[in-house]
Amino acid sequence: MTNILTVADLGPAGIAEVLALAEQPDLGRPLAGKGVALVFQKPSARTRNSTEMAVVQLGGHPVYIQKEEVGLGSRETAEDVARTLACYHDIICARVMDHDDLVRMTGATAKPVVNLLSDKEHPLQALADVLTMKQLADNLQGLKIAYVGDADNNVARSLAHACLAVGAELTLASPSQYRLSDAPDGVRQVDDPAEAVRRARFVYTDVWVSMGQDNEARERMQALGPYQVDEALMAKADDAWFLHCLPARRGEEVTHGVLESPKSAIWRQAENRMHAARGALAWVLL
Ligand code: CP
Ligand code: NVA
């Protein structure tokens, strides 16, 4: 039994195994007759739908649970929610405001707990990102990737750990106050977006204001304004693919033109969320 709270929980070997599983469309029905709880404290389009369909593809029954229904940390403690859901389900997946709630859930149940996004990490997104890069670039070893914008968020943190684990070279470009905290050794952090994208084969960005950060919107928009991924920045990269976890704020972190360009891989990336989720759920059951 394994949890996936962070990319580090997988490690290089686990990531390789999940990617190999994700590339197989039919993994049988390891979840036949079993339930998977999907708890969401925040909105979701991709994560909810891709994980739900991954459970169906593995023969299981997904139960989508909105935040009011369980009241994680308000109606009931994280531990009691986990114990309750473990009575009915074989895997507990949750999107939470506070990463520590996931940690507490793992301490309360022997069933696998999977992070569907926390303030700290978004591991299933990073698995889909690496799968997408593998499909488009063949060799991940030494692959140059640039991430431009808010580098101190969940998506950037998971991407950084995933890139290191597969041997890719990631450079993060952000204003100094939005640099990735606790960055793993081997990830470069710079101020200048042009420096980050030089020779990059993939340019990645995410929203400047993540869910739960609305009270910081004004200062974030101001500081991150010069970090928009536009056509001029993409032209400085190496005929690079554009990536974004979505949802995107057109005209903020990325232009409409870059999102819609022939080098935008965002819909492949979105589809890969389902394949990566199928691989990840099969892996936690191994
Ligand atoms: N990328 C992602 O996690 O999207 P949702 O918030 O729509 O799930
Ligand atoms: N960093 C974003 C990712 C959304 C998928 C957020 O947390 O809102």
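All ligand and atom numbering here is 1-based and tracks the order in the structure. In what follows, residues are counted from 1 in the order of the sequence shown.
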| task | State the OG1-NZ distance between T171 and K144, to the nearest 0.5 angstrom. | result | 7.5 Å
| Does any N/O atom on M211 come nearer than 3.5 Å to any N/O atom on ligand 1? | no
| query | Within the structure, does M211 bring an N/O atom to less than 3.5 angstrom of an N/O atom in ligand 2? | reply | yes
| query | Could an N or O of ligand 1 be found under 3.5 Å from any N or O of P247, whether backbone or side chain? | reply | no
| Sub-3.5 Å N/O-N/O distance, S210 and ligand 2 | yes
| message | As an exercise, identify every atom of ligand 1 less than 4.0 angstrom from a heavy atom of R95. | response | 3 (O), 5 (P), 6 (O), 8 (O)
| H122: numbered ligand 1 atoms lying under 4.0 Å from its heavy atoms | 2 (C), 3 (O)
| What part of D119, side chain, backbone, both or neither, has a heavy atom within less than 4.0 angstrom of ligand 2? | neither
| task | Flag this pair as yes if the NZ/CZ of R48 is under 6.0 angstrom from the six-membered ring centre of F40 and inside a 45 degree cone about the axis; otherwise no. | result | no
| query | Around Q222, counting heavy atoms of other residues, nucleotides and ligands shown, do more than 12 lie under 6.0 Å from its CD? | reply | no
| query | Near K42 NZ, under 6.0 Å, is it more than 12 heavy atoms from other residues, nucleotides or ligands? | reply | yes
| field | Enclosure of R250 CZ (heavy-atom neighbours >12, cutoff 6.0 Å) | value | yes
| message | Can you check which of L246, D206, V207 brings a heavy atom nearest to atom 3 (C) of ligand 2? | response | D206
| request: Kindly indicate, with the supporting measurements, whether the criterion salt bridge (charged side-chain N to carboxylate O under 4.0 Å, His left out) is fulfilled by D191 and R179. | output: CA-CA 9 Å; D191 292 332; R179 285 196 170 189; 3.0 Å; yes
| query | Which protein heavy atom lies closest to atom 7 (O) of ligand 2, and at what distance to 0.1 Å? | reply | N154 ND2, 2.8 Å
| query | Among E23, H275, R268, Q269, which residue meets the side-chain hydrogen bond (donor to acceptor under 3.5 Å, both in side chains) test with Q135? | reply | R268
| request: Enumerate the atoms of ligand 1 whose separation from the nearest heavy atom of A45 is less than 4.0 angstrom. | output: 5 (P), 7 (O), 8 (O)
| Is there a donor in the side chain of D206 and an acceptor in the side chain of N153, or the other way round, less than 3.5 Å apart? | yes
| field | Protein heavy-atom partner closest to atom 4 (O) of ligand 1 - residue, atom, separation in Å | value | R46 NE, 2.9 Å
| message | So is K42 touching ligand 1 or not, going by heavy atoms under 4.0 Å? | response | no
| field | Pair Q125-N154, side-chain donor/acceptor within less than 3.5 Å | value | no
| Heavy atom of L117 under 4.0 Å from ligand 1? | no
| In ligand 1, which numbered atoms sit nearer than 4.0 Å to a non-hydrogen atom of R273? | 1 (N), 2 (C), 3 (O)
